[in-house]
**Student:** 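Below: one structure in structure tokens.
Computation of the quantities below employed the complete heavy-atom set of this structure, encompassing side-chain atoms and omitting hydrogens, waters and symmetry-equivalent molecules. Owing to the predicted nature of the structure, the values given are computational and were not obtained by experimental measurement. Every chain is numbered from 1, with letters handed out A, B, ... down the list of sequences.
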There are 2 protein chains.
Amino acid sequence: MPKLADRDTRHTQILEALLRVAGSQGLHAVTMRSVAAEANISLRLVQYYFETKEKLLLAALDHLAGRQRERIQTRVRDTDAPDDPRTIIEAVLTESLPTDQDSRTFHLVYTAYAVHAATDPALAAQPFLRAPDTMEHFLADQLRHAQRDGTLPPHRDAHTEAAILLALSAGLGTAVLLGQRTAENATTAISYHLDHLGLTRRPA
Amino acid sequence: MPKLADRDTRHTQILEALLRVAGSQGLHAVTMRSVAAEANISLRLVQYYFETKEKLLLAALDHLAGRQRERIQTRVRDTDAPDDPRTIIEAVLTESLPTDQDSRTFHLVYTAYAVHAATDPALAAQPFLRAPDTMEHFLADQLRHAQRDGTLPPHRDAHTEAAILLALSAGLGTAVLLGQRTAENATTAISYHLDHLGLTRRPA
DNA sequence: AAATCTTTGATACCGACGTATCAAAGCGAT
DNA sequence: ATCGCTTTGATACGTCGGTATCAAAGATTT
């Protein structure tokens, strides 16, 4: 009784199943068998689409990164001022926090991968580890725009501030993930920090 | 040819071996067998002192936390002004970064545990997860002292600032661990942030 | 209708790992 | 010297997990 789905559908179906398992039981619970069961398909089919577990995991990471990017873009687009640095930055940083199940899974899996990458050269060479770098440049650009706009004092070093923002957001995210802090608490801290940076909203 | 060491010596010998394995190959490489091999003793003896792997891992975590606490205390004590808030805070935060092999292992193992704790209620109940809370109160106290001393502007909220410092330090630490940032870069960022807080050194 | 792609099932192999067991022997203390 | 604690060795059991293989059958395309 094969239902015959096309490759892309199957791929995402399997990857989404993987993320559900990883999100609820941790990355260590992700096995070829558990993913197959979660996706309601046979183990054999998982092997059919992703020959090895390593390929499966890397594909899942790509998928995850893509969804995260989309989430952030959507969030920025939906703000009332999608061209104001303060608005953009605050949206990006708060959307990066593990607030709902989706972003929680992202944080969890990403961190788990990162820990592996710290001792596995093959994983460390993966492109997903350069995502923060891209983000840092993006934030630094926004800060420089703000300085030109006059909504950020000129004595601030955009590059360093961007690095701080990124580390702050990551640190808060981890704390939220571990239940050491609430998401509201974290967003408040981000807002507080941006205020004290002197990064103001651009008047309409 | 038993050498007959006492319990404490053996315990630390085994735990240190575990940390060496975890530090170089990751927590996933920690098995009863690999620890035994690293410690140059028989598998049976590891079982003898720590009956189950779970107990072994928890003991290792305790050991690790204790060493980290000592490291920080020593570092603070060795500064030129061990009672000045700015000096203390900067020492604590920079010592928390993974600069040498020891602190690198600490970060790596702690993060690995934390990731597990996010999906394992039994691990989440462990006391080691409350360490950041203690640290946060400590930092907030120091900031309040600074405000009384006049080395920190009164409009800063000590509690929130402490939370930000902790998250910042953790986030920078992770970035250093992953090779996305150098340790020097991270210490510079911390120093920069403290400067812009308006947290100054107390004049002698 | 034939050829190709998709899907399942059953099953097997092999390695790794946690755990357990038994026997034996070295060493310290009473 | 006897008793108890420590240490080793060999070994085994069960489970889990990644991977592989074979046969067969449904679906799609040509």
**Student:** Give the rounded distance in Å between these two atoms: CG of B:Leu56 and C1' of C:dT19.
**Tutor:** 14 Å
**Student:** Rounded to the Å, how far apart are A:Leu27 CG and D:dG17 P?
**Tutor:**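 It is 13 Å, rounded to the nearest whole Å.
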**Student:** Within the supplied structure, the quantity of interest is the number of heavy atoms (other residues, nucleotides, ligands) at a distance under 6.0 Å from A:His137 NE2; does it exceed 12?
**Tutor:** no
**Student:** Could you verify whether a donor N or O on one side chain and an acceptor N or O on the other, from A:His193 and B:Glu161, lie under 3.5 Å apart?
**Tutor:**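 Result is no, nothing qualifies.
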**Student:** In whole Å, what is the span from the NE2 atom of A:His28 to the P atom of D:dG17?
**Tutor:**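 Whole-Å distance recorded here is 10 Å.
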**Student:** Check B:Arg202 against B:Pro85 and note the closest heavy-atom contact, atom names and distance.
**Tutor:** NH1-CD, 4.2 Å
**Student:** In terms of relative ring orientation, are A:His11 and A:Phe50 parallel, tilted or perpendicular, with 30° and 60° separating the classes?
**Tutor:**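 Answer is tilted, since the angle falls between 30° and 60°.
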**Student:** Whole Å only: how far is the NE2 atom of A:His11 from the P atom of C:dC5?
**Tutor:** 15 Å
**Student:** Would you kindly give the CZ-to-C1' distance between B:Phe50 and C:dT19, to the nearest whole Å?
**Tutor:** 17 Å
**Student:** If you measure from the Lys or Arg side-chain nitrogens to the Asp or Glu carboxylate oxygens, is any gap between A:Arg144 and A:Asp157 under 4.0 Å?
**Tutor:**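 Salt bridge flag = no for A:Asp157 with A:Arg144.
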**Student:** Using whole Å, report how far OH of B:Tyr49 lies from P of D:dT7.
**Tutor:**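 Atom-to-atom, B:Tyr49 to D:dT7, this comes out as 4 Å.
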**Student:** What residues in residues 40-48 of chain B put a non-hydrogen atom under 4.0 Å from any atom of DNA chain D?
**Tutor:**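 Of all residues in residues 40-48 of chain B, the ones placing a heavy atom under 4.0 Å from DNA chain D are B:Ile41, B:Ser42, B:Arg44, B:Leu45, B:Tyr48.
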**Student:** Do B:Arg10 and B:Gln13 have a side chain donor and acceptor closer than 3.5 Å?
**Tutor:** yes
**Student:** Check whether more than 12 heavy atoms from other residues, nucleotides or ligands sit under 6.0 Å from atom CZ of B:Arg201, and answer yes or no.
**Tutor:** yes
**Student:** Any chance the side chains of B:Arg104 and B:Thr99 put a donor and an acceptor closer than 3.5 Å?
**Tutor:**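 No pair is found: no donor N or O on one side chain lies under 3.5 Å from an acceptor on the other.
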**Student:** Do A:Thr188 and A:Ser191 meet the criterion of a side-chain donor-acceptor pair at a distance under 3.5 Å?
**Tutor:**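 A:Thr188 vs A:Ser191: no donor-acceptor pair found between side chains.
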**Student:** List every contact pair, protein side and nucleotides 14-16 of chain D side both N or O, where the distance is under 3.5 Å.
**Tutor:**
none

**Student:** Return the value, rounded to whole Å, for the distance between atom CZ of B:Arg33 and atom C1' of C:dC17.
**Tutor:**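 About 5 Å, once rounded to whole Å.
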**Student:** If I take atom CD in residue A:Glu54 and atom P in nucleotide D:dG17, what distance separates them, rounded to the nearest angstrom?
**Tutor:** 18 Å
